[in-house]
Amino acid sequence: MKLNIKIIIPFFIMPCLIAIITSCGSVRQAGLPELKKLPDSFNGLSSAPAEALSWKAVFTQPDLKGLIDTALKNNLNVQSGVQRVLVAGLNLRLSRSKRYPTLSAGISAGLDHYGDYTMNGVGNYDTNFSENLNEKQRIPSPTPDYFAGFRSSWEIDIWGKLSEKKRAAYNRYLSSQAGLQWYKTQVISQVAELYYELTALDKRLEILQRNILLQNKGLEIVEAQMAGGRATALAVSQFRAQRIATQGRQFEILQAINRIENELNLLMGRYQGNIGRDTSAITKVLPREIYAGIPAKVILARPDVREAELELAASKADVSAAKKAFLPSLTLDAYAGYNSFKLPLLFSPASIAAGFLGGLSAPLLNRAALKNSSLVANSAQLSAFYNYQRQIIKAYQEVSVQLSAIENYKQAYRFKSSEVEELKKAVSTANDLYLSGYASYLEVIVAQRSVLEAEMQQVDLKQKSYSSLINLFRALGG
């Protein structure tokens with residue numbers, strides 16, 4: 001058995017390494033600005049904890065819950081996001097593996113022809129004349145080299161460079177999870193918004209059909225009056241034109257319903273399918289009061305803000321790793337196996353060989369590239385910081401806007417409901433006055449048109465109220 005152990009420590013370059021370690025301090029990590037302090041409340045409103053907020057508590061309609069569940073399971077972008085999380089997890093495992101030794105098994109064969117005036121050529125020629133060698137030990141020329149065994153290499157993480165890279169990969173893994181959660185929130189919000197838009201369209205269609213029935217009755221009356229000489233053909237044409245316009249609006253709504261149903265099917269990852277819904281949902285009061293919570297607690301817990309925060313942490317680790325790349329690396333290499341210059345003797349016990357090599361290496365000629373890498377990492381860190389700050393401000397503004405919108409639309413809906421009731425009375429009064437001869441047919445037409453438009457606007461305001469609720473749910477992080 002032949003055991004060959006080598007330990008090489010290049011002491012002659014230690015002064016250079018010391019100079020490198022000293023000079024690497026000149027590559028400094030860029031200082032980050034201070035984050036702007038969040039306000040204590042949203043729009044000066046009192047707040048309460050928001051931990052109880054969940055989509056199942058906010059969106060209570062059974063049909064809507066079923067649509068959301070289907071979308072979360074089958075949405076293609078969500079499934080793609082799951083794969084991105086898996087990729088980030090695999091990158092984390094890869095970064096962890098770099099901290100441990102590598103071990104590989106291999107079989108290799110080579111052939112060397114040494115010149116007569118080289119150290120190996122002269123040495124091998126002279127060695128073959130030794131009387132201590134038997135026939136098996138004589139070195140052939142050209143000289144084969146056969147190896148079968150194991151090789152290992154290990155970079156000792158003496159400065160923590162590899163640990164910083166692992167920390168960056170870990171934060172990016174957590175960031176990908178937060179990003180997936182944020183996208184799920186978007187999917188939930190999109191499904192809910194389309195659902196309520198669909199119920200609003202159903203309600204508008206119902207209003208139109210009800211008004212068509214009323215207009216039919218009005219047309220029958222004016223036609224009867226024209227037959228009796230109490231109304232003109234102009235009045236009949238006006239009533240008929242109003243009914244035709246109302247009938248035509250139905251098809252615009254039917255097309256909008258078809259578009260929304262297809263958008264919902266896309267979110268659920270399917271070509272087509274029945275979209276069950278409760279049409280009366282749009283007329284119901286909003287779900288229980290939703291508190292915004294303390295800004296700092298709510299905003300910082302938002303998945304997209306959390307994602308930006310983790311990206312910032314990853315970029316900090318990248319900066320630290322780039323700085324430590326200037327420091328010397330300690331690498332240990334070893335091998336063990338069968339080594340011989342004659343193939344029939346390769347697996348004999350006397351052919352067992354092993355070796356070990358340890359050495360320090362530090363960058364000298366490629367320091368400019370490392371400096372540029374460090375500058376890139378610093379710039380990426382600043383970019384991540386500003387993105388984090390922007391996400392916080394954006395999240396605060398979104399919550400503030402939607403809290404205000406819910407209250408304002410609530411008041412607007414209350415006034416619009418009162419307007420609708422008054423206009424319904426006006427229609428009834430106009431009909432009575434027209435039959436009594438105290439009002440013209442134009443007043444009846446105007447009254448019918450006004451109540452129709454007011455009812456449509458009433459549905460619009462309720463839909464906007466639900467949209468504000470959904471946007472608040474999204475703004476609070478889902």
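- In this structure, the side chain of Ser383 does not engage the main chain of Ala380 through any donor-acceptor pair within 3.5 Å.
- Taking the side chain as every heavy atom from C-beta outward, Ser467 and Tyr196 never approach each other to under 4.5 Å.
- Counting only distance, with no hydrogens or angles, the side chain of Ser404 and the backbone of Ser400 share no donor-acceptor pair below 3.5 Å.
- Geometrically, Lys464 does not engage Tyr409 in a cation-pi contact defined by less than 6.0 Å to the ring centre and at most 45° from the axis.
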Show the numbers, then the answer: is there a side chain to side chain contact (heavy atoms under 4.5 Å, CB included) between Asn471 and Val401? CA-CA 9 Å; Asn471 289 333; Val401 168; over 6 Å; no
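- Counting heavy atoms from C-beta on, the side chains of Asp157 and Leu330 never come closer than 4.5 Å.
- Among residue pairs with one or both ends in residues 437-450, none qualify as salt bridge (Lys or Arg N to Asp or Glu O under 4.0 Å); sequence neighbours excluded.
- Contact check for Phe473 versus Trp55: side-chain heavy atoms found under the 4.5 Å cut-off.
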Before you tell me yes or no, could you show the steps for Glu398 and Lys394 under side chain to side chain contact (heavy atoms under 4.5 Å, CB included), namely the whole-Å CA-CA distance, both residues' side-chain angles and the distance that decides it to 0.1 Å? CA-CA 6 Å; Glu398 286 178 353; Lys394 177 184 174 184; 3.0 Å; yes
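- For an aromatic pair to be called close, the ring centres must be under 6.0 Å apart, and Tyr195 with Phe59 fails this.
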For residues 78-88, please give each side-chain donor-acceptor pair under 3.5 Å, one per line with the distance, not counting sequence neighbours.
unit_1 : atom_1 : unit_2 : atom_2 : d
Gln79  : NE2    : Lys73  : O      : 3.2
Ser80  : OG     : Arg84  : NH1    : 3.1

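- Nearest heavy-atom pair across Ala336 and Phe147 is O-CZ, 4.0 Å.
- Of the inter-residue distances, the one linking Ile275 atom CD1 with Leu64 atom CG reads 11.0 Å to the nearest 0.5 angstrom.
- Contact annotation: the side chain of Leu452 approaches that of Arg249 to within less than 4.5 Å [non-hydrogen atoms, C-beta and beyond].
- The side-chain hydrogen bond (donor to acceptor under 3.5 Å, both in side chains) contacts involving residues 90-104 comprise nothing, where partners must be two or more places apart or lie in separate chains.
- Salt-bridge formation is detected for the pair Glu223/Arg240: a Lys NZ or Arg NE/NH1/NH2 atom is positioned less than 4.0 Å from an Asp or Glu carboxylate oxygen.
- For the atom pair OH (Tyr173) and CG (Leu92), the distance works out to 7.5 Å, reported to the nearest 0.5 Å.
- The local environment of CZ in Phe385 is crowded, with over 12 non-hydrogen atoms from other residues, nucleotides or ligands closer than 6.0 Å.
- Distance check: Ile445 CD1 to Ser450 OG gives 11.5 Å after rounding to the nearest 0.5 Å.
- With sequence neighbours excluded, the residues satisfying side chain to side chain donor-acceptor pair (under 3.5 Å) with Glu419 are Lys416.
- Closest approach of Gln458 and Ser417 over heavy atoms only: NE2-OG, 2.9 Å.
- Between the side chains of Arg270 and Asn74, not a single donor N or O lies within less than 3.5 Å of an accepting N or O.
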What do the steps show when you test Tyr271 against Asn265 for side-chain hydrogen bond (donor to acceptor under 3.5 Å, both in side chains), and what is the final call? CA-CA 6 Å; Tyr271 287 104; Asn265 281 318; over 6 Å; no
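- Counting non-hydrogen atoms of neighbouring residues, nucleotides and ligands closer than 6.0 angstrom, the CD1 atom of Ile107 reaches no more than 12 such neighbours.
- Residues satisfying the side chain to side chain contact (heavy atoms under 4.5 Å, CB included) criterion with Glu309, sequence neighbours excluded, are Arg306, Tyr388.
- The minimum heavy-atom distance between Ile156 and Leu332, with the atom names listed, is CD1-CD1, 3.9 Å.
- Minimum interatomic distance between Val187 and Ala71 (heavy atoms only, all atoms of both residues): CG1-CB, 3.8 Å.
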Under the criterion side chain to side chain contact (heavy atoms under 4.5 Å, CB included), I'd like the reasoning laid out for Phe326 against Lys371: C-alpha separation, chi angles, the key distance, then a yes or no. CA-CA 9 Å; Phe326 289 88; Lys371 284 184 179 180; 3.6 Å; yes
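- Here the side chains of Leu382 and Pro33 are in contact, with some heavy-atom distance below 4.5 Å.
- Side-chain atoms of Gln186 and Gln190, non-hydrogen and from C-beta on, do get closer than 4.5 Å to each other.
- For Thr331, the side chain to side chain contact (heavy atoms under 4.5 Å, CB included) partners at least two apart in sequence or on another chain are Ser153, Glu155, Asp333.
- Interatomic distance, CD1 of Ile68 versus CG of Leu267, reported as 10.5 Å (0.5 Å rounding).
- Within the model, atoms OG of Ser189 and NZ of Lys184 stand 14.0 Å from one another, a figure rounded to the nearest 0.5 Å.
- The two residues Asn387 and Ala308 have their closest heavy-atom pair at ND2-CB, 3.7 Å.
- Distance check: Trp159 CH2 to Ser320 OG gives 13.0 Å after rounding to the nearest 0.5 Å.
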Could you go through residues 203-215 and list every donor-acceptor pair under 3.5 Å that involves a side-chain atom there, pairing it with any protein atom two or more places apart or in another chain?
unit_1 : atom_1 : unit_2 : atom_2 : d
Lys203 : NZ     : Glu206 : OE2    : 3.2
Arg204 : NE     : Asp460 : OD1    : 3.1
Arg204 : NH2    : Asp460 : OD1    : 2.2
Arg204 : NH2    : Gln463 : OE1    : 2.9
Arg210 : NH2    : Glu455 : OE1    : 3.2
Arg210 : NH2    : Glu455 : OE2    : 2.4
Asn211 : ND2    : Ile207 : O      : 2.8
Asn211 : ND2    : Glu455 : OE1    : 3.4
Gln215 : OE1    : Thr246 : OG1    : 3.1
Gln215 : NE2    : Thr246 : OG1    : 3.1

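- Listed by first then second residue, pairs satisfying salt bridge (Lys or Arg N to Asp or Glu O under 4.0 Å) with a partner in residues 57-69 number zero, not counting sequence neighbours.
- By the side chain to side chain contact (heavy atoms under 4.5 Å, CB included) test, Glu407 pairs with Lys410, Gln411, sequence neighbours left out.
- Taking both residues in full, the closest heavy atoms of Gly276 and Leu67 are given as O-CD1, 4.2 Å, listed atom of the first, atom of the second, then distance.
- The pair Arg167-Glu164 meets the salt-bridge criterion, with a side-chain N (NZ, NE, NH1 or NH2) lying under 4.0 Å from an Asp/Glu carboxylate O.
- The environment of Lys165 atom NZ is sparse: at most 12 non-hydrogen atoms of other residues, nucleotides or ligands sit within 6.0 angstrom.
- Contacts of Asp304 classified as side chain to side chain donor-acceptor pair (under 3.5 Å), with partners at least two apart in sequence or in another chain: Arg302, Gln391.
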Show your reasoning for whether side chain to side chain contact (heavy atoms under 4.5 Å, CB included) applies to Thr199 and Asp278. CA-CA 7 Å; Thr199 58; Asp278 179 10; 5.8 Å; no
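- Here salt bridge (Lys or Arg N to Asp or Glu O under 4.0 Å) pairs that include residues 251-269, with residues two or more places apart or in two chains, are Glu197-Arg259, Arg259-Glu263, Glu261-Arg277.
- With contacts defined as side-chain heavy-atom distances shorter than 4.5 Å, the pair Gln225/Leu435 qualifies.
- Using a 4.5 Å heavy-atom threshold, the side chains of Asn378 and Ser374 count as touching.
- The side chain to side chain contact (heavy atoms under 4.5 Å, CB included) test applied to Asn258 returns Gln255, Asn262, not counting sequence neighbours.
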